[in-house]
Amino acid sequence: MTEFKGKGVYGAVAVGKISVFKRAEISAIREYIEDCETEKKRLKSAKEKALKQIEEIHDKALREVGETNAKIFEIHKMMLDDEDYNNSIEIIIDTQKVNAEYAVAVTSDNFAAMFSAMDDAYMRARSADVRDISNRLIANLSEKSSEKAKSSEKVIICADDLAPSETVSLDKERVLAFITAHGSSNSHTAILARNMNIPAVIGAGDEFLAAVKDGMNACVDGYTGEIYLEPDEITVKKILKKQRDDEEKKRLLQELKGKENITLDGTKIKIFANIGRVDNIGAVLINDADGIGLFRSEFLYLENSDYPTEEQQFSVYKKVLESMSGKKVIIRTLDIGADKQADYFKLDKEENPALGFRAIRICLSRPEIFKIQLRALYKASVYGNLAIMFPMITSVSEVDKILEICSNVREELSRENIKFLENVELGVMIETPAAAVISDKLAPLVDFFSVGTNDLIQYTLACDRQNPNLESFCDPHHEAILRLIEMSAENAHKNGIWIGICGELAADTELTETFLRMGIDELSVSPSFVLNVREKVRSIDLTK
Ligand code: PEP
Ligand code: MG
């Protein structure tokens, strides 16, 4: 047994087999072959398999993200059947006497370059799709990946690090736990793991990465950050006992469903849930959240290979609102940039991306993108109880500009006779020290504040949230953070607006009493933490 230690970011445990995460970028090595016909037969069966796989993905997408979003997979099928594409692969096999993997890779590069050079933005974006289908073909051609595809066993995913988009695209049904060698606990990947209710340990280190192999047995303790490779019997028993205790605690928490979030002395607070995808709504409902306090709309952009259209966005927002049956849903406008990158935005490489061109800065600089999202949001507003929230605010002038754009969008929709709700609540995130310090000036302009502690901590303590070496310098309970939250709460209430917290600190039950004493009106946490926080609230007596 070998033991490693990282940082636990979601408290749960798992016992199972390791699967080392392979990047979608697959390199195809050139090999000389004698028998071109056999190579073309291999290609044919890889293609048939790819078509079946895409068909399945298409069906899954139809169920989870709707018809418009699923269309892309129809395009993938058409591309796989495209005559020019297939001819090119076969010609390369025949003329160069090379393996099918290599012929697909060369064809993929040629077609992707051709698409990238086109004038039309839609066609340019297809270069990512041609790479996608080609990678699938190459993966199917390699025996290793077909072995993996056969297994439907749940596994512990290990990787050097995972980008948010990679985490999103993992098949949750097959993931027992996550372990990454790098990464930090406030990264979006860690947040996603928490949202997915999956035991997760990050920062396990390079030695772990060197030691871990596909198929190894492992135990993961997301509470302590401990990882055991090829564990002994005593360790397995210890972890399985923890798993049973967790199940028991979960069962007891279930009894809190339907109960109020009220302290012993009668103070009430709302407990909402944070989500990033429509298919997280089930968890929100199961855990009895009062609403959605943060819908990270950027995942809609990260999962797409081109800007999601107004229609695509509308159908997602409508679905979220309808599923919540009148409970409040706070949708945050696009927060892309920094660690959340989508190629088609063509953002410049930056020295300090966290301090760079992200979130509202992109939206205000590219209002055409922002307006499409706002139109979709306002159009969806008639289907539920929508509030819109804007990220990364640092100044009054930004809020003035946002409000003007919102007003323009409403006028436009009125002129087009499109129904929407006039009085959708508009709020700002307090996630920069600047926003907290000028919260007295921001409060009169908006309907609510929501404190984004993940960014507020990184900017206040000057600790990059992606940097695992800074964990020891980054105290989330630092007095400076608590003072900024308290100041924002005072200014919100002086101006008659409400204030919530939607960063990860909202789920920290060591601070629940402090937040209640500050007068925080709402806490928004990962769905699986809703009942934990409810339990804590119900044990507090503010008169003591
Ligand atoms: C935050 O910064 O606390 C927040 C909720 O936003 P995100 O984590 O998506 O940056
Ligand atoms: Mg943030």
Side-chain angles (χ1 to χ4, degrees), residues 9-10 163-165 167-168 183-196 200 202 271-277 280 289 291-303 329-342 353-363 387-394 398 427-436 439 448-467 474 476-478 480-482 484-485 488 499-508 511 515 520 522-527 529:
V9 291
Y10 181 77
S165 52
T167 316
V168 168
S184 73
S185 51
N186 254 339
S187 65
H188 284 96
T189 303
I191 293 171
L192 282 167
R194 283 191 277 266
N195 260 327
M196 291 156 94
I202 48 123
I271 305 181
F272 286 2
N274 296 343
I275 63 166
R277 302 169 54 146
N280 300 145
I292 291 175
L294 168 63
F295 177 79
R296 287 183 165 93
S297 68
E298 55 275 10
F299 287 106
L300 191 63
Y301 292 76
L302 292 175
E303 286 169 312
V329 174
I330 304 175
I331 299 185
R332 174 175 76 184
T333 56
L334 175 66
D335 184 5
I336 210 131
D339 63 326
K340 289 178 280 191
Q341 294 286 341
L355 299 179
F357 194 49
R358 62 172 282 203
I360 205 68
R361 298 171 182 179
I362 297 180
C363 290
I388 307 175
M389 165 159 97
F390 304 97
M392 278 291 290
I393 299 299
T394 56
E398 283 164 349
V428 288
M429 289 193 71
I430 303 290
E431 56 179 346
T432 64
S439 52
F448 67 94
F449 285 160
S450 185
V451 184
T453 50
N454 309 334
D455 279 316
L456 188 62
I457 292 169
Q458 84 160 337
Y459 296 129
T460 307
L461 303 182
C463 284
D464 178 354
R465 65 195 267 191
Q466 302 294 338
N467 187 338
C474 188
H477 293 199
H478 195 294
I481 308 294
L482 298 178
L484 289 174
I485 300 176
S488 308
I499 177 166
I501 301 178
C502 65
E504 297 297 291
L505 212 56
D508 184 339
L511 288 176
F515 292 150
I520 297 296
E522 174 248 15
L523 292 170
S524 192
V525 299
S526 289
F529 291 150

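Remember, it's 1-based here, ligands and their atoms both numbered in the order they're listed.
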Notebook entry, point to check: Any idea which atoms of ligand 1 are less than 4.0 Å away from a heavy-atom of D335?
Noted result: 10 (O)

Checklist line | Distance filter under 4.0 Å to E431 heavy atoms, resulting ligand 1 atoms | finding: 1 (C), 2 (O), 4 (C), 6 (O)

Checklist line | Side chains of L294 and I330 in contact at under 4.5 Å (non-hydrogen atoms) | finding: no

Check: Do F357 and I362 touch side chain to side chain, with heavy atoms closer than 4.5 Å?
Finding: yes

Item checked: Contact check, side chains of D508 and H477, non-hydrogen atoms, under 4.5 Å -> yes

Margin query: Ring centroids only, cut at 6.0 angstrom: are F295 and F272 within range, meaning strictly under it?
Written below: no

Note to self: Considering both backbone and side-chain atoms of E504, is one of its nitrogen or oxygen atoms within less than 3.5 Å of a nitrogen or oxygen in ligand 1?
What the structure shows: no

Check: Which of the numbered atoms in ligand 1 are below 4.0 angstrom from a heavy atom of L294?
Finding: 5 (C)

Next item on the list: Just give me the atom name: the N, O or S atom of E431 closest to the Mg ion (ligand 2).
Entry: OE1

Notebook entry, point to check: In D455, what N, O or S atom is nearest to the Mg ion (ligand 2), if we give its atom name?
Noted result: OD2

Notebook entry, point to check: Relative to the heavy atoms of T453, which atoms of ligand 1 are at a distance of less than 4.0 Å?
Noted result: 3 (O)

Note to self: Within the 4.0 Å heavy-atom shell around K340, which atoms of ligand 1 are there?
What the structure shows: 9 (O)

Next item on the list: Tell me, please, which residues at least two apart from S450 pass side chain to side chain donor-acceptor pair (under 3.5 Å).
Entry: none

Check: Any salt bridge between R361 and D335, counting N to O under 4.0 Å?
Finding: no

Checklist line | Check: T460 and L484 side chains under 4.5 Å, non-hydrogen atoms | finding: yes

Next item on the list: Could you tell me which atoms of ligand 1, counted from 1 in the order shown, lie closer than 4.0 angstrom to a heavy atom of M429?
Entry: 4 (C), 5 (C), 6 (O)

Item checked: Close side-chain approach of C502 and M389, heavy atoms under 4.5 Å -> yes

Checklist line | Structural part of V451 in contact with ligand 1, heavy atom criterion under 4.0 angstrom | finding: neither

Check: Heavy-atom contacts under 4.0 Å between L456 and ligand 1: side chain, backbone, both, or neither?
Finding: neither

Item checked: ligand 1 versus R332: contacting region, heavy-atom distance under 4.0 Å -> side chain

Check: Short list, please: which atoms of ligand 1 are under 4.0 Å from a heavy atom of R296?
Finding: 4 (C), 5 (C), 6 (O), 7 (P), 8 (O), 9 (O)

Next item on the list: May I ask you to list the atoms of ligand 1 that are less than 4.0 angstrom from any heavy atom of C502?
Entry: 5 (C)

Check: Does a side chain donor of either N274 or S524 reach within less than 3.5 Å of an acceptor in the other side chain?
Finding: yes

